[in-house]
Amino acid sequence: MSLKSLLHWSYIFPLLSLAYYSFGLVDNNGWLAGLGGLLLITSVLGAVHHAEVVAHKVGEPFGTIILAIAITVLEVGLIVSLMVAGGKETDKLARDTVFAAVMLILNGILGACLLLGGIKFKEQFFARTSGNMALISLVAIVVMTLILPNYTTTELSATFSKAQLIFFSIASLIIYSTFLMVQTVRHRNYFLPENDDEPHAEPPTNFESTMSLIFLIICLGVVVFLAKALSPQIESMVHNLGAPQALVGVIIAAVVLLPEGMAAIKAARRNQFQTSLNLALGSAIASIGLTIPCVAVVSIIYEMPLLLGLDIKSMVLLALSLYTVMLSLNRGKTNILYGVVLLVNLLAYIFTVIVP
C-alpha cells in the first residue's frame, strides 16, 4: 500500500473529525458547528467507503450485509448516545428515527433506484423471491415493534411492558438472524446479481482490507461522538424552524442513510438492481430488527421510557409504503412509474412531518 493511498480522503477526514472532536471545537458558534456538520458527513462517507472495501474483499451478498450492519451500528450509536444524554425527553427518538429510516429506505432509496434505473435501462430485472423474503421479514418486525404497542393492554400508552419489550426484541432478532442465514447460506443464490457485465477492480490486498476495517471502526466511533456533540445545534435548528421534534429523527436517519443510498443508486445505474434491492431491504430489516433490541436494552438498564407505537397518520403512511413496495416488486422487473409513486410517498411523509 503506497503513501499516496494513505493520503486518500477516506483516511484524512476521519482523523480530522477525530481531532475536531478531541479538541472540543463544538460550541454554539455557527461556523464551527457548520464545520462539524461537514466533518460528520465526510466521516459517514468514509465509513461507507471502508465498508465497501471490506465488502469487495469478502464478495456478495456478504458485502451488502457488512454495509447494512455498518449503517445500523451508526444509527444505534446515535440513538443510544442521544437517549442517554437527553433522558426522558427523548422517549420518542428511537421510534421516530427507526420509522424515518424505514420510510426513507422504502420510498427514497428504493424509489430513486427504480426511477433512475428505469430512465437509463427502461426495465431492470431481479429475483422476485429475494424481495418477497425480505418484505415478509420486514413486515413482521414492523408490525410487532411499531404498531402492536398501540394495542397491548398491559401499559396504557403506546409502550410495551418490560416483559413485552424483551419478548418482541428477541422475536426481532430471531427473524433478522434467520433472514441473514437464508441470505448467506441456505438460499444465497436468490440474492446474487444476475447482470455482472461491469469490469471488476482487483480485490484489495489483506493490508488494505485490514486498514479499511480499522478506519471503518474509527469512522463509526467518530460519527457517533460528533452527532452527540452536535445534537443541541440540530435540535435548536428544528426548534427555530417551528417544526415538530420528529424532524430530528428524520435528520438523523437521512445523515446515516445518505451513503448507503448513494451506493444503491450507483448499483442501479450499473444495471445491478439486485444489489440495490439487497442494500435497501437488507438495511431496512437491519435498521429495525437490530435497533429496537439495542434501544430496548438501554431503556431497561437506565429505566427510561420508550414510546414505540406510531400514531394513526404514521401507520397509514407506513401501510401505503409497504403496500406500494410489495406491488412494485411482485413481477421481478421494474419501471419508472414505481419509482415516481414511491418518491411522491416520501414527499408526503416529509411534508406531514413538518406540517402535521
Side-chain angles (χ1 to χ4, degrees), residues 48-73 102 105-106 109-110 113-114 117 121 123-142 171-204 206 208-209 212-213 216 257 259-291 293 322 325-326 328-334:
V48 174
H49 169 79
H50 292 298
E52 287 179 335
V53 173
V54 177
H56 189 194
K57 183 69 174 179
V58 300
E60 289 294 334
F62 300 100
T64 55
I65 293 172
I66 289 173
L67 189 54
I69 292 178
I71 294 299
T72 305
V73 170
V102 171
I105 291 169
L106 292 180
I109 295 177
L110 200 53
C113 291
L114 286 164
F121 300 103
E123 287 185 338
Q124 293 180 294
F125 300 89
F126 58 94
R128 185 174 58 181
T129 308
S130 66
N132 290 340
M133 287 180 175
L135 286 171
I136 287 171
S137 305
L138 179 62
V139 170
I141 298 175
V142 163
S172 299
L173 289 174
I174 291 173
I175 292 174
Y176 181 68
S177 300
T178 306
F179 173 75
L180 273 188
M181 185 270 291
V182 168
Q183 186 181 21
T184 57
V185 181
R186 195 169 186 87
H187 297 289
R188 181 184 175 189
N189 57 306
Y190 293 157
F191 298 87
L192 296 177
E194 294 182 0
N195 299 319
D196 206 17
D197 301 330
E198 289 291 321
H200 292 282
E202 287 295 321
N206 291 335
E208 289 173 332
S209 302
S212 286
L213 181 60
L216 173 60
L257 293 172
E260 185 160 28
M262 293 168 57
I265 290 172
K266 283 166 60 179
R269 290 183 60 81
R270 293 196 301 263
N271 201 23
Q272 294 177 343
F273 188 80
Q274 183 66 57
T275 300
S276 299
L277 191 64
N278 293 346
L279 280 167
L281 295 184
S283 294
I285 299 170
S287 175
I288 189 168
L290 296 179
T291 302
L322 288 169
V325 170
M326 287 178 178
S328 301
L329 301 180
N330 72 346
R331 296 175 61 238
K333 57 183 179 179
T334 71

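Here the closest heavy-atom approach between residue Gln272 and residue Gln124 is recorded as N-NE2, 4.2 Å. In terms of heavy atoms, Ser130 sits closest to Ala127 at OG-O, 2.6 Å. Considering all non-hydrogen atoms of both residues, Phe126 and Lys333 come closest at CE2-N, 3.5 Å. Nearest heavy atom pair, residue Leu180 against residue Thr184, reads O-OG1, 2.7 Å. Between Pro293 and Ile288, the shortest heavy-atom distance links the atoms CD-O, 4.0 Å.
For the pair Val139/Met326, a side-chain contact is recorded, criterion being any heavy-atom separation below 4.5 Å from C-beta on. Contact of the Thr334 side chain with the Leu329 side chain is not registered, since no non-hydrogen atoms from C-beta on lie closer than 4.5 Å.
Rounded to the nearest 0.5 Å, atoms CD (Glu123) and CZ (Arg331) are 7.0 Å apart. Note that CG of Leu135 is 7.5 Å distant from CG of Leu277, once rounded to the nearest 0.5 Å. With rounding to the nearest 0.5 angstrom, the CG atom of Leu213 is 12.0 Å from the CG atom of Asn206. The line from CE of Met181 to CZ of Arg188 is 14.5 Å long, rounded to the nearest 0.5 Å. Interatomic distance, Thr178 OG1 to Leu173 CG, rounded to the nearest 0.5 Å: 10.5 Å. Separating the CD1 atom in Ile105 from the CG atom in Leu279 is a distance of 10.0 Å, to the nearest 0.5 Å.
The main-chain N or O of Asn330 is found under 3.5 Å from a side-chain atom of Arg128 such that the two form a donor-acceptor pair. With hydrogens and angles ignored, the 3.5 Å screen pairs no side-chain donor or acceptor of Ser276 with any backbone N or O of Cys113.
Of the options Ile175, Ile174, Leu290, Val102, a side chain to side chain contact (heavy atoms under 4.5 Å, CB included) to Ile141 is made by Ile175 and by none of the others.
The aromatic rings of Phe191 and Phe179 sit perpendicular, their planes meeting at an angle over 60°, well past the 30° parallel limit.
Residues satisfying the ring pair (Phe, Tyr, Trp, His ring centres under 6.0 Å) test with Tyr176, not counting sequence neighbours, are none.
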(request) Evaluate the side chain to side chain contact (heavy atoms under 4.5 Å, CB included) criterion for residues Val325 and Leu138: first the C-alpha distance (whole Å), next the side-chain angles of each, then the deciding distance (0.1 Å), finally the verdict. (result) CA-CA 12 Å; Val325 170; Leu138 179 62; over 6 Å; no
